[in-house]
Protein chains: 2
Amino acid sequence: MSDYVQKIENALDALGERKSRPRQLLAEKLGTLAVEGHGFTVEELWTALRAENPSLGRATVFRTVKRLVDAKILDLIDFLDGTKLYRVCGESLIDTGHHHHLACLQCHAIREFTFCLPADQIERVSRKENFWVQSHSLTLYGLCEFCRPQQP
Amino acid sequence: MSDYVQKIENALDALGERKSRPRQLLAEKLGTLAVEGHGFTVEELWTALRAENPSLGRATVFRTVKRLVDAKILDLIDFLDGTKLYRVCGESLIDTGHHHHLACLQCHAIREFTFCLPADQIERVSRKENFWVQSHSLTLYGLCEFCRPQQP
DNA sequence: TTTAGTGCAAAGGCTTTGCACACCG
DNA sequence: CGGTGTGCAAAGCCTTTGCACTAAA
């Protein structure tokens with residue numbers, strides 16, 4: 001766990017400059033969440049942080065989360081039912097490489113998987129459509145093993 | 001054009017029951033937008049409809065758009081900069097088949113392309129991750145031919 | 001000492017909802 | 001008529017912003 005916290009702290013250092021108490025708390029919490037792989041809302045994060053520091057402001061969490069998303073430390077996964085959850089991105093923290101997400105429509109668990117659309121396929125679409133592709137997003141929605149009825 | 005309008009009206013019939021003036025106007029406007037392939041916000045749609053019927057309420061547009069999204073008549077494309085645009089879905093209206101979107105990050109044009117991740121690849125991920133995949137979303141972001149600097 | 005960072009509360013956007021009325025069937 | 005659909009305005013969410021204050025370097 002300490003590994004993740006350290007890396008998140010380093011990432012924050014690389015962005016903003018100062019190590020404040022709120023950011024430190026946030027890094028610690030995100031370290032835990034990274035291990036568990038849970039998705040979370042800003043509200044949930046804020047609530048959790050206030051357990052440690054009751055005066056910590058909501059805006060601070062929003063501001064820091066935004067920075068972390070820009071820095072690709074956090075991913076934002078959009079379930080199509082209106083739910084949107086942040087998740088610590090394994091790619092930047094433990095070098096899992098290029099990945100996309102499996103999103104469970106029932107319990108909202110999010111998992112990374114490292115497979116992707118082959119580059120030559122993207123290239124083909126790009127040429128055919130005369131469209132310069134810079135990035136892409138791919139999410140598979142369904143049910144995780146805990147939410148699915150037992151298989152035969 | 002009339003083709004699209006007819007199909008959208010039919011789709012609305014299939015959902016709600018009554019043909020009201022607001023819904024008719026909305027179907028006509030969406031017919032035009034389907035031909036042009038433009039993405040739009042609810043606000044833009046509302047503004048356009050008020051040109052025909054100044055007393056048409058914003059809530060009506062929201063309510064109808066929501067129904068159409070649920071019915072997969074409209075797609076919602078999420079640019080990652082906060083922009084979200086609706087688009088008439090070719091798949092349900094003119095049977096273009098399974099498709100995904102090319103989204104221009106500059107002018108916010110949205111185009112459909114019919115290529116997709118091969119089913120056996122999805123199947124492989126599904127088995128490997130022990131995750132039952134029900135649906136997926138794939139969007140390619142980049143620059144369309146009009147927003148891109150001239151190629152050599 | 002300097003200035004990024006913070007907390008608070010207010011303001012913003014966008015979307016939904018409650019309610020009385022309108023109007024389709 | 002009966003009940004869906006509508007318009008309006010108010011309320012709800014989630015997020016951002018302004019400002020004075022705190023504290024890191």
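Sequence lines set the chain letters: A, B, ... in the order given, protein chains first and strands last, and positions in each chain run from 1. Just so you know, these numbers come straight off a predicted model, no measurement behind them.
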Inset, instruction - Could you tell me the separation between the CD atom of B:E52 and the P atom of D:dT6, rounded to a whole number of Å? - result: 16 Å

Legend entry - Test item: B:L117 and A:F115 side chains (from C-beta on) under 4.5 Å apart, heavy atoms: yes

Legend entry - Below 4.0 Å: OP1/OP2 of D:dG7 and any side-chain N or O of B:R58: no

Inset, instruction - Take atom CZ of B:R67 and atom P of C:dT15, then tell me their distance rounded to the nearest Å. - result: 18 Å

Inset, instruction - Give the B/S/- string for nucleotides 17-25 of chain C, one per nucleotide from 5' to 3', where a protein heavy atom under 4.0 Å of the base yields B, of only the sugar-phosphate yields S, and otherwise -. - result: BB-----BS

Inset, instruction - Could you tell me whether the side chain of B:D75 reaches within less than 4.5 Å of the side chain of B:H99, counting heavy atoms only? - result: yes

Inset, instruction - Can you tell me the distance, in whole Å, between the CG atom of B:L26 and the C1' atom of D:dG5? - result: 13 Å

Legend entry - Between D:dG5 (C1') and B:L68 (CG): distance, integer Å: 14 Å

Legend entry - Residue pairs involving residues 53-65 of chain B (criterion salt bridge (Lys or Arg N to Asp or Glu O under 4.0 Å); sequence neighbours excluded): B:E43-B:R58

Legend entry - Close side-chain approach of B:W132 and A:C147, heavy atoms under 4.5 Å: no

Legend entry - Spacing between B:W46 atom CH2 and D:dT6 atom C1', to the nearest angstrom: 14 Å

Legend entry - Contact check, side chains of B:Y86 and B:I110, non-hydrogen atoms, under 4.5 Å: no

Legend entry - Spacing between A:N53 atom CG and D:dA23 atom P, to the nearest angstrom: 11 Å

Inset, instruction - Rounding to 10 degrees, work out the angle separating the end axes of the helix from C:dT1-D:dA25 to C:dG25-D:dC1 (five pairs an end). - result: 30°

Inset, instruction - Measure from CG on A:L45 to P on D:dT15 and round the result to the nearest Å. - result: 12 Å

Legend entry - N/O donor-acceptor pair under 3.5 Å between B:E44 side chain and B:T41 backbone: yes

Inset, instruction - State which of D:dT15, C:dC8, D:dT6 makes the closest approach to the side chain of A:S55. - result: C:dC8

Legend entry - pair B:E28-B:T32: side-chain heavy atoms closer than 4.5 Å: no

Inset, instruction - May I ask you to test the A:I8-A:V5 pair for a side-chain heavy-atom distance under 4.5 Å? - result: no

Inset, instruction - Would you mind reading off the distance between B:K84 atom NZ and D:dC14 atom C1', rounded to a whole angstrom? - result: 12 Å

Inset, instruction - Take A:L74 and A:V88 through the side-chain contact (heavy atoms from CB on, under 4.5 Å) test and state the conclusion after the steps. - result: CA-CA 5 Å; A:L74 296 180; A:V88 179; 3.9 Å; yes

